[in-house]
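Okay, so here's the structure we're looking at.
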Amino acid sequence: MPAKATTYENVTLQFNQAADLMGLDPAVRKILGKTENEITVNFPVKMDDGRIEMFTGYRVQHNNVLGPYKGGLRFHPAVDIDEVRALATWMTWKSAILNIPFGGGKGGIQMDPSKYSLQEIERITRRFTFALGSNIGPEYDIPAPDVNTNSQIMAWILDTYLQMMPPLERNRNLHVVTGKPIESGGSLGRDKATGQGVVWVIEQWAKDQNFDLKGATYFVQGFGNVGSWTARLMKPTGARMIAVEDVSGSYANPDGIDPDDVMAWVREHRGLIAGYPQVKPIDHLAFLGTKADIFIPAAMENQITAETAPLLNVKLVAEGANGPTDREGHAILGQRGIHVLPDVLCNSGGVAVSYFEWLQNKRSEFWDLDEVDGKLYKKMVAGYQAVRDTAKKYNTDWRTAAYIVALSRLERVYKERGIFP
Ligand code: NAD
């Protein structure tokens, strides 16, 4: 049996498919088919017991023709150069789809954060920031939260970065990271932005399909930033969550699970759903086979594959996670008539509000939530419409269409500017 494609190989296959269909300029294809910079840093950190441990961190910068590299930092044992390359490339497409003046970057540390104390995680974060040095910067490459990183980690990165600046430069550099705590220069609405975007895209889809979300059912994989906010913001649509999964296991209740109640439990129980009383534990494959209207994967890559795609029993997959569906899984969903709202559109609300946070920092402004939400809504609807109309124009699936929207914008810029020298 041929080896399974890696995550980055999947991105390349998706990219080639879209490039072939739209007839992407061959020079632009060569450029976008590679990442621009790949930084690997190995750095020592002192543990609580005085031992020294070595860590490996990455930052991949895919493309910055539209603006500074932009993208999250992930702390996870599966982080490696292949995964980070894929995630950085998706960021370029996402910003281009939403017409945001950012490029694509991503990074992370290969580690299991559950094995370290909070003090150790702080020292790991600060030492990683120091090791990255001037490879990040507010007008050059701007990290943000991703899996197992949050606003606290962003505050430590900010603080470390500012300590490396001359005093007179410090307050001009708050926008070196986004997803910060509000008091440290964060934006209202950034926390929920990705989930909010997912829900607004689902609502657009439902409107176009004449599908009533009231009384519909959904289930969610992952109950961290993206999964929990999506689950909670779906509630006002009148839809009902009937299963949910995180690293601790899979859980179901056909009568409905209140996402706000799960959130209250998770907050008190080290971020995990395990032990939540209103649900029944089920196995992972039964979870994927849940009969519902909508599945929202919001955890890790490569969950919907040749093996698992045949199990899904839904009308729509709305991708909150990056890369939850591999190429074979996507083809099977297509054959089975299951609609897919692709990651690069569906979860792009996070980068949109990161852009708004960056703008507020640059201008020393602080916007109210209505202003942030109003601007995000416009971006999500415009992105959705561009992808929908492109899918129709090229008679193709929405993932390929989303890539074509992104690639067309990038191609225009390269054609305007030419290639130096
Ligand atoms: P997070 O760390 O806040 O939450 C991750 C959740 O997934 C946790 O509930 C964890 O228990 C669960 N999980 C991890 N591995 C799992 C597995 N194998 N099976 C089931 N559940 C599992 O991370 P997040 O920020 O919510 O990111 C989730 C996904 O969304 C990632 O793909 C990330 O790249 C993507 N994303 C995040 C943002 C953002 O703003 N945070 C923006 C766009 C895309």
Side-chain angles (χ1 to χ4, degrees), residues 7 70-79 83-84 86-91 93-95 97-98 104-108 112-114 143-154 177-180 186-187 189-198 201 219-232 243-251 259 262-263 265-267 269-274 276 282-285 287-288 295-305 308 318-325 342-355 357 376 380:
T7 304
K70 181 84 192 85
L73 288 177
R74 177 178 288 199
F75 292 179
H76 194 276
V79 166
E83 182 187 71
V84 181
L87 291 162
T89 308
W90 280 320
M91 288 306 300
W93 310 153
K94 252 183 243 189
S95 297
I97 289 166
L98 285 205
K106 201 84 177 194
D112 179 353
S114 68
D146 193 74
V147 175
N148 292 331
T149 58
N150 55 22
S151 59
Q152 174 60 75
I153 301 224
M154 296 307 117
V177 280
T178 58
K180 299 180 288 288
S187 174
R190 174 61 185 90
D191 227 22
K192 69 169 176 124
T194 308
Q196 182 67 81
V198 173
V201 170
F219 65 110
V220 182
Q221 182 182 50
F223 206 76
N225 175 287
V226 181
S228 68
W229 276 112
T230 306
R232 293 166 69 194
V244 61
E245 182 181 67
D246 71 359
V247 274
S248 73
S250 319
Y251 312 93
V262 181
M263 191 65 223
W265 174 272
V266 161
R267 276 207 188 102
H269 295 84
R270 297 181 302 121
L272 299 175
I273 305 172
Y276 177 66
I282 54 172
D283 78 46
H284 174 64
L285 295 182
F287 169 80
L288 289 177
F295 175 39
I296 303 161
M300 302 299 289
E301 301 89 76
N302 303 324
Q303 299 298 307
I304 304 173
T305 60
T308 59
E319 296 183 336
N322 286 309
T325 313
D343 49 6
V344 285
L345 164 70
C346 198
N347 71 30
S348 58
V351 71
V353 179
S354 275
Y355 168 54
E357 177 176 331
L376 174 62
M380 296 311 302

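Predicted model, so just to flag it, every value in this text is computed and none were measured. Just follow the structure's listing: the first ligand is 1, and inside any ligand the first atom is 1.
Summary of contacts: the protein heavy atom closest to atom 27 (O) of ligand 1 is Val147 CG2, 3.7 Å. Looking only at heavy atoms of the protein, atom 20 (C) of ligand 1 is closest to Glu245 OE1, 3.5 Å. Scanning the protein heavy atoms around atom 18 (N) of ligand 1, the nearest turns out to be Met300 CG, 4.4 Å. The nearest heavy-atom contact from the protein to atom 4 (O) of ligand 1 is Gly224 CA, 3.2 Å. For atom 42 (C) of ligand 1, the closest heavy atom belonging to the protein is Thr194 OG1, 3.3 Å.
Atoms CD1 and CD, from Ile282 and Glu245 in turn, are 8.0 Å apart once rounded to the nearest 0.5 Å. Between atom CD1 of residue Ile296 and atom CD of residue Gln221 there is a gap of 11.5 Å, rounded to the nearest 0.5 Å. If you take CG on Asn148 and CZ on Arg74, they are separated by 9.0 Å, rounding to the nearest 0.5 Å. Here CZ of Phe223 is found 8.5 Å from OH of Tyr276. Values are rounded to the nearest 0.5 Å. Taking OG1 of Thr89 as the start and CG of Asn322 as the end, the distance is 11.0 Å to the nearest 0.5 Å.
Below 3.5 Å of separation, one finds an N or O of Phe223 facing an N or O of ligand 1. Polar contact with ligand 1: absent for Leu87 (N/O pair, distance under 3.5 Å). On a distance-only criterion, Arg74 and ligand 1 share at least one N/O pair closer than 3.5 Å. Taking any N or O of Gln303, backbone or side chain, none lies under 3.5 Å from an N or O belonging to ligand 1. The N/O atoms of Ala321, backbone and side chain alike, include none that comes under 3.5 Å of an N/O atom in ligand 1. Geometrically, ligand 1 and Thr149 share no nitrogen or oxygen pair separated by less than 3.5 Å. At least one N or O atom of Asn148, backbone or side chain, sits closer than 3.5 Å to an N or O atom of ligand 1. Considering backbone and side-chain N/O atoms, Gly350 never comes within less than 3.5 Å of an N/O atom of ligand 1. When only interatomic distances are considered, the shortest N/O to N/O separation between Asp146 and ligand 1 falls below 3.5 Å.
Within the listing of ligand 1, atoms 6 (C), 7 (O), 9 (O), 12 (C) sit less than 4.0 angstrom from a heavy atom of Gly222. Counting atoms of ligand 1 from 1 in the listed order, those under 4.0 Å from a heavy atom of Gly320 are 30 (O), 35 (C), 44 (C). Residue Ala299 approaches ligand 1 through these ligand atoms, each under 4.0 Å from one of its heavy atoms: 7 (O), 13 (N), 21 (N), 22 (C), 28 (C), 29 (C), 31 (C), 32 (O).
Between the choices Asn322, Val266, Asp191, the shortest heavy-atom distance to atom 32 (O) of ligand 1 belongs to Asn322. For atom 3 (O) of ligand 1, the nearest non-hydrogen atom from the set Val247, Val226, Asn225, Val344 comes from Asn225.
Under 4.0 Å from ligand 1, not a single heavy atom of Ala144 appears.
For the pair Ile153/Phe75, a side-chain contact is recorded, criterion being any heavy-atom separation below 4.5 Å from C-beta on. Between Gln303 and Thr308 the shortest side-chain heavy-atom distance does not fall below 4.5 Å.
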- [ ] Run the numbers on Asn302 and Thr7 for side-chain hydrogen bond (donor to acceptor under 3.5 Å, both in side chains), then give the verdict.
- [x] CA-CA 8 Å; Asn302 303 324; Thr7 304; 3.0 Å; yes
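Formation of a donor-acceptor pair under 3.5 Å by the Glu357 side chain with backbone atoms of Gly179 is found in this model. Side chain of Trp93 to main chain of Leu345: no donor-acceptor pair is present (N/O by atom type, distance under 3.5 Å, no hydrogens or angles). Of the possible donor and acceptor atoms, none in the side chain of Gln196 sits under 3.5 Å from a partner among the backbone N and O of Thr194.
Put simply, atom 22 (C) of ligand 1 has protein non-hydrogen atoms near it, under 4.0 Å away.
The shortest heavy-atom distance from Arg190 to ligand 1 is under 4.0 Å.
Using a 30° and 60° split on the angle between ring planes, Phe219 and Phe295 fall in the parallel class, below 30°.
For the pair Gly323 and Asp343, the tightest heavy-atom approach, listed with the atom from each and the gap, is N-OD2, 2.7 Å.
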